[in-house]
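Each remark here refers to the structure printed beneath this line.
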Number of protein chains: 2
Amino acid sequence: MSITIKDVARRANVSIATVSRVINNKSDGVSDETRKEVLKVASDLGYYPNRVARGLVTNKTNILGLILPDITNPFFPSIVRGVEDTANKYGYNIILCNTDNSSEKEKTYIKILKENKVDGIICTSVAGSNDDSFKLSPNDKIPFVWLDRNLRETKAPMVYTDGVYGMCQIVDYIIKQGHKKIAYISGPKLNFSAEQRFKGYLKAINEAEIDVNNDLIKEGNYQIQDGNKCMMDIIESGEEFTAVVCANDLMAIGAIEALKSRGIRIPYDVSVTGYDDITISSITYPKLTTVAQPIYEMGCLAVDLLIKLIGGETIEKKEVVLKPELVIRESVGRVKRNWEI
Amino acid sequence: MSITIKDVARRANVSIATVSRVINNKSDGVSDETRKEVLKVASDLGYYPNRVARGLVTNKTNILGLILPDITNPFFPSIVRGVEDTANKYGYNIILCNTDNSSEKEKTYIKILKENKVDGIICTSVAGSNDDSFKLSPNDKIPFVWLDRNLRETKAPMVYTDGVYGMCQIVDYIIKQGHKKIAYISGPKLNFSAEQRFKGYLKAINEAEIDVNNDLIKEGNYQIQDGNKCMMDIIESGEEFTAVVCANDLMAIGAIEALKSRGIRIPYDVSVTGYDDITISSITYPKLTTVAQPIYEMGCLAVDLLIKLIGGETIEKKEVVLKPELVIRESVGRVKRNWEI
DNA sequence: TTGTAGGCGTTATCAT
DNA sequence: ATGATAACGCCTACAA
């Protein structure tokens, strides 16, 4: 089997307590001489500590759980990267869990993470609309923070970007280009981010004193094909529109496909916008005007928060809200005036 | 603290051995009556087993390590998904490690994974060109499999797709469209996949008895900007070419950008191909003709292999080689004949 | 069918 | 400065 602290102790003619001390860099209580000797023996033997055993006694694994819907969705890799990099900085590692937004899967994962005694959990998945999933056992709470999920009732802190603000910004921009008939392809309504963005859309529309036309509002599930289908529905409804605002980039890509398939030119005939600024959106044709979320930073901040929680600090600010940023590219044009036709 | 096996035992008026037996579903040696009682108490108390403690005695954590260069690279999410789904099927979880292809980072991660006593490792990162990284300590080998990295000298099994075959297919296809002046943008030469694909290119070219023109061959690092730069270099070299074969989709996207920026039309003036068939490649304009790797399956197969290894099975076939598939879309056209100009 | 007890590799609390 | 030794929570012979 593996080399243990015992082997090192025997070889170095010291007790395991001493070995443990030097391994853990306890500054006090071990002479330079023995420290050097122990280190040498440990290195010679190729010893490395067993974190499982250590975890059992310290009750700390230095592992974090990261729960997300689907890493295959281009929105998430950056989050993961932010989480991983930051966790690493603090000496933690990440167990990754894909839930496909199934609360069944999510519950199972949370159970497993707890069984594994992870030190904390970051969750950017469903979890119903409250913290219940995390209370498998009422006795032991585990530190956790919500990421990109603004829940109504939660005691856990959360990190997200201001969807109302972001969407308001981009719709405002569209309106300034002269558009008044602005379709909207929403994300799933029960999703808080979708709700926020929709609010932002309505806010901008209302402030510009434009009437909302419900026939121009469809709901999708944040996927490319949803964007495509909703766009088709809108086109076929026969309602007039000069711009389409999508609740995320993926659906905007789907909408663009649909528009192109009908020979509708972007942005000459119709303007299109996305949301998120995933990598793809600067590669589409035309390049997507969208709202950039600081995705990577969100991951970093979530870990910062979680680490504080783990350290027993009480978080004063339960909500860390980031500001998104309008990214103007090529998919929005000025509306055609009648006299220009 | 948490509820332990002891609490359950006390409450159920049995020994911890009995509780352990029912928790682990040992079929023998516990009456239905006590089993039911124990289960009830466990559930009432919200007991769940502590995998850290269990791992210490069983020497099994049911955790796998997954090492990859960068989850942000669109090639990897599907691999991760395949790995995670399959691992899950077998009751394992995944610790994710991003190395940025730094062998320093990689070594650190391998050390940590071993300290955490993961049951096995899947590696799709550099690790020099041999297994040395995994021999931090010569005494304890850890089961591992290489994924998408065909190493020269390794005793570990590996899963990859046949790059020679795949690239040969697509270059063949281009040649059949009448092209003879075919530029090539390679991946980093020390990378085995890049090497394989380059071989495939040469093979197809040679079989068609076309002379290779070294001025039309550039090397990038699999990133969009590399494709862009290499393409620019080729354009500026003044050499004639009617097609550009790229070693992956990302570089093809960069190449397309470069071409467009010079007003060169695809595929009318120049044909372009990619490799991998990541999601983006069906979204570019024009849609990319490319070679599809069964990315998700690669992840699944790697885990299948690893599980066998962990189970102590001896793997007869050290190499699992998958066949990629040509995906014809819109970025390749017939070469212009002189009389068509 | 059930219980006792040793041990997994560490850390941490006492002594010495 | 160092060494015994008792936990940590669980599994697993071995006994009863």
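Here is how names work: the chains are called A, B, and so on, in the same order as the sequence lines, proteins then strands, and each is numbered from 1. Values in this document were obtained by computation on a predicted structure and should not be read as measured data.
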Atom-to-atom span, CG of A:N116 to P of D:dG9 - whole angstrom
16 Å
Sequence neighbours excluded - salt bridge (charged side-chain N to carboxylate O under 4.0 Å, His left out) pairs with any residue from residues 294-304 of chain B:
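Pairs touching residues 294-304 of chain B that pass the test: none.
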Nearest 0.5 angstrom please: A:L96 CG to A:Y109 OH, how far?
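Here the interatomic distance stands at 8.0 Å.
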Which part of the nucleic acid, if any, lies within contact of A:N13, taking any heavy atom under 4.0 Å across all strands shown: a base, the sugar-phosphate backbone alone, or nothing?
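The answer is sugar-phosphate, as A:N13 gets under 4.0 Å only of primed atoms, P, OP1 or OP2.
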How about A:Y160 and A:Q293: does a side-chain donor come under 3.5 Å of a side-chain acceptor?
no
Under a plain distance cut-off of 3.5 Å, with no hydrogens placed, do B:N191 and B:S193 share a side-chain donor-acceptor pair?
yes
Crowded around B:K318 NZ? As in, over 12 foreign heavy atoms under 6.0 Å?
yes
Go along nucleotides 4-16 of chain C 5' to 3' and tag each nucleotide: B for a protein heavy atom under 4.0 Å from its base, S when only backbone or sugar atoms are that close, - otherwise.
B--BBBBBB----
salt_bridge(A:D85, A:K89) N-O dist < 4.0 Å:
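No salt bridge links A:D85 with A:K89.
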salt_bridge(B:K36, B:D32) N-O dist < 4.0 Å:
no
Please answer whether the main-chain N or O of B:Y296 pairs with a side-chain N or O of B:S78 as donor and acceptor at a distance below 3.5 Å.
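The answer is no, because no donor-acceptor pair under 3.5 Å joins these two groups.
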So for the helix from C:dT1-D:dA16 to C:dT16-D:dA1, with five pairs setting each end axis, what is the inter-axis angle to 10°?
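What I find for the helix from C:dT1-D:dA16 to C:dT16-D:dA1 is an axis angle of 40°.
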